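Since this is a predicted model, take the numbers as computed values, not measurements. Excluded from the calculations below are hydrogen atoms, water molecules and symmetry mates; all remaining heavy atoms, backbone and side chain alike, are included.
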Amino acid sequence: MVLDWRSLPGGSFAIYSEGDTATHEVGHWLALYHTFDGKCGSKGDYVADTPAEFSPAFNCPIGRDTCAGASQPGLDPIFNFMDYSQDSCMFEFTAGQTARMQAAWAAFRD
């Protein structure tokens, strides 16, 4: 796993310096994809309970819905650690993402 030290708490990356970049990168290490990797397709990030998202979110765009009209219900997962929202906006993994990380740990890291 690689991350820029400036994204750690107290770093100089302003809205990305609360430490959530590390959480995001650990998510990748444990087999998670970005929330927007599948765009508005049915597979999305390969986790069923993550709402579809066409493109990464920046800042904290409350109410954003980039897959409206694409038969993919739900607002964009801007609070999800696997998006690109600013750190103060991110605070969750879905239950499905948690299960995927646990399964990856058991299969590859245990």
Return the set of residues passing side-chain contact (heavy atoms from CB on, under 4.5 Å) with Ala57 (not counting sequence neighbours), or none when no residue passes.
Glu53, Pro61, Arg64, Ile78, Asp83, Ser85
Quick one: ring-ring contact (aromatic ring centres under 6.0 Å, His included) partners of Phe54, sequence neighbours excluded?
none
Where at least one partner belongs to residues 46-75, residue pairs that pass disulfide (SG to SG under 2.5 Å), sequence neighbours excluded:
Cys40-Cys67, Cys60-Cys89
Those residues that, when tested against Phe81, pass ring-ring contact (aromatic ring centres under 6.0 Å, His included) (two or more places apart):
Phe93
Pairs satisfying salt bridge (charged side-chain N to carboxylate O under 4.0 Å, His left out), at least one member in residues 24-47, at least two apart:
none
Residues two or more places apart in sequence or in another chain: which of them pass side-chain contact (heavy atoms from CB on, under 4.5 Å) with Trp105?
Trp29, Leu30, Arg109, Asp110
Please name all residues satisfying ring-ring contact (aromatic ring centres under 6.0 Å, His included) with Phe13, sequence neighbours left out, ordered by chain then number.
none
Please enumerate all residues that pass side-chain hydrogen bond (donor to acceptor under 3.5 Å, both in side chains) together with Ser88, with sequence neighbours excluded.
Gln86
Verify whether one side chain among Thr94 and Asp49 offers a donor that lies under 3.5 Å from an acceptor in the other.
yes
Side chain to side chain donor-acceptor pair (under 3.5 Å) pairs touching residues 9-23, sequence neighbours excluded, are none
Plane angle bin for Tyr46 and Tyr33 - parallel if under 30°, tilted between 30 and 60°, otherwise perpendicular:
tilted
side-chain contact (heavy atoms from CB on, under 4.5 Å) filter on Ala103, not counting sequence neighbours, yields none
Is any side-chain heavy atom of Met90 closer than 4.5 Å to a side-chain heavy atom of Met82?
no
Hey, could you give me each pair passing salt bridge (charged side-chain N to carboxylate O under 4.0 Å, His left out) that has a residue in residues 85-97? Not counting sequence neighbours.
none
Just to verify, what does Asn59 make a side-chain hydrogen bond (donor to acceptor under 3.5 Å, both in side chains) with, not counting sequence neighbours?
none
